[in-house]
Amino acid sequence: MPSLEAYVTCLAFEVGSGRIAGVANRHVHQQRSLPPLIAVVGPTAIGKTALGIHLARAFDGEILSADSRQFYRRMEIGTAKPTREEREQAPHHLIDVADPDETVGLAQFLRLARRTLQQITARGRLPLVVGGTGQYVRALLEGWQVPEVPPDPDLRARLEREAEGDPDAVWQRLVTLDPAVPDFIDPRNVRRVVRALEVSLKTGQPFSVLRRRTPPPYRILRIGLTMDREALYARADARVDAMIAAGLLDEVKDLLARGYGWELPALSGLGYAQFRPFFAGQASLTDVIERIKFDTHDFIRRQYTWFRLNDPAIRWCQADAPDLQPRATEAVRSHLGIPDTDLDSA
RNA sequence: GCCGAGAUAGCUCAGUUCGGUAGAGCAGUGGACUGAAAAUCCAUGUGUCCCGAGUUCAAUUCUCGGUCUCGGCA
């Protein structure tokens, strides 16, 4: 019953918000001086884009997309990128900032996002972080300090080859350099073992001590969108069918024709990678569609581990409630400290 | 109508060779995550083994009867 629980959380927040004024005045003043930031989070296909645009229009805001796949140009349909019409309704950032053969990782995202946030705020406009890439959103809102170690493809390839032969040796090597690593990395996850080793080798410092965070200088309101799981799956499935109808296959063909390969991170995303067996003659289009749907369900489940229904920092709202927009608008208004009358007259 | 094959987890099926109440893949569910993150990795399988009767200490497994499904022939 995640939906009901979430709904209750939502109500609890409205009721409880008055309490904040009573606590530690100095702290409140300090917080008040920080510029506001709104984040709209939640699983894929739940309606974050639409709500983001609605809020941006209502509050003179600009949208910062926290979506690891919408960075890439020529990938419109499969990434469910906001359409041209949608983007005309409010300024959008961090969409179409790279070609598919480039790799925009966490660190680049954070750099771009922090700068963009600053600029939006400097313009006197309200920044809205809208996105479903859990790691990126959390990193941005929690102020993760990512170790300054760019990926080294050669080193990674070498370590991966080594791990293929003797995974334990590679793991032991990492543990020697960083004894704390078993607390947060699974030895069987070669990808993460290799990265940790990469950082430790290049910096000479344990990976674990380089993972720091400094809270960003904003007063943040997190609005979470949720919905009954089954209904959400149905909605996501329908969106996949709509993507196919909109020409997803042609979009993939076009990317391949331009020489973009399956090994690229951009092509590893939902709605793209699943076409690989199809082009290898090993799967029908029907198989591909089903695969995309199942993988999307899996993704939704994993997104909830980044955005938890019991996270008190997130104000969860039912995405399919008829009063979602007024409710969200009210939440933002109260966060900004704007009296009702100001908005009504505007 | 006849002949054959089958009926086992939500789905597709394996299996019980020599009877001791069952297991894979997919689906579903939970989790990890600090420069690939829509990636990568981990954990999680009690279901009238179609129904009835018989044999037996014991049947999902053997026997008989029935029901249904799918082929083939009429």
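A quick note: this is a predicted structure, and the numbers were derived from the prediction, not measured. We name chains A, B, ... by the order of the sequence lines, and we start the count at 1 in each one. The basis for the numbers below is simple: all heavy atoms, side chains too, and nothing from hydrogens, waters or symmetry mates.
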Participant: Would A:D96 and A:R87 pass as an ion pair if we require N to O under 4.0 Å?
Facilitator: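 Salt bridge: yes.
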Participant: Would you call A:E86 and A:K81 a salt bridge, using N to O less than 4.0 angstrom?
Facilitator: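 The answer is no: the pair does not qualify as a salt bridge.
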Participant: Any carboxylate oxygen within less than 4.0 angstrom of a Lys/Arg side-chain nitrogen, looking at A:R333 and A:E330?
Facilitator: yes
Participant: Using the P atom in both, what is the distance from B:G54 to B:U8, to the nearest Å?
Facilitator: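 Those two atoms are separated by 25 Å.
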Participant: Ignoring hydrogens and angles, are the base of B:A36 and the side chain of A:R156 linked by a donor-acceptor pair under 3.5 Å?
Facilitator: yes
Participant: So which protein nitrogen or oxygen atoms get under 3.5 Å of nucleotides 43-45 of chain B's nitrogens or oxygens?
Facilitator:
none

Participant: Contact list please: residues 195-208 of chain A against RNA chain B, heavy atoms, distance less than 4.0 Å, in numerical order.
Facilitator: A:R195, A:F207
Participant: More 5' along RNA chain B: A:V104 or A:R213, using each one's nearest nucleotide?
Facilitator: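 Per heavy-atom nearest nucleotide, the more 5' residue is A:R213.
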Participant: What verdict does the salt bridge (Lys or Arg N to Asp or Glu O under 4.0 Å) test give for A:K293 and A:E290, after you've listed the backbone C-alpha separation in whole Å, the side-chain angles of each residue and the deciding distance to 0.1 Å?
Facilitator: CA-CA 5 Å; A:K293 289 177 180 174; A:E290 191 184 38; over 6 Å; no
Participant: Heavy atoms within less than 4.0 Å of RNA chain B: which residues of residues 285-297 of chain A have one? Give them sorted by number.
Facilitator: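 Those residues whose heavy atoms fall under 4.0 Å from RNA chain B, taken from residues 285-297 of chain A in numerical order, are A:R291, A:F294, A:H297.
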Participant: Check this for me: A:R123, atom CZ, are more than 12 non-hydrogen atoms of other residues, nucleotides or ligands nearer than 6.0 Å?
Facilitator: yes
Participant: Between the base of B:A36 and the side chain of A:E160, is one N or O donor paired with an acceptor at under 3.5 angstrom?
Facilitator: yes
Participant: Answer yes or no: is there an ion pair linking A:D154 with A:R158, defined by an N-O contact shorter than 4.0 Å?
Facilitator: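 Result for this pair is no, no salt bridge flagged.
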Participant: Could you check how far CD1 of A:I300 sits from P of B:G31, rounded to whole Å?
Facilitator: 15 Å
Participant: Measure from NZ or CZ of A:R211 to the centre of the six-membered ring of A:F184, then state whether that distance is under 6.0 Å and the direction lies within 45° of the axis.
Facilitator: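 Yes.
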Participant: Does atom CD of A:Q108 have more than 12 heavy-atom neighbours from other groups under 6.0 Å away?
Facilitator: yes
Participant: Any N or O donor-acceptor pair linking the side chain of A:D67 to the base of B:A38 at under 3.5 Å?
Facilitator: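 It does, because a donor-acceptor pair links the side chain of A:D67 to the base of B:A38 below 3.5 Å.
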Participant: Within the structure, does a side-chain N or O atom of A:Y233 lie under 4.0 Å from either OP1 or OP2 of B:U29?
Facilitator: yes
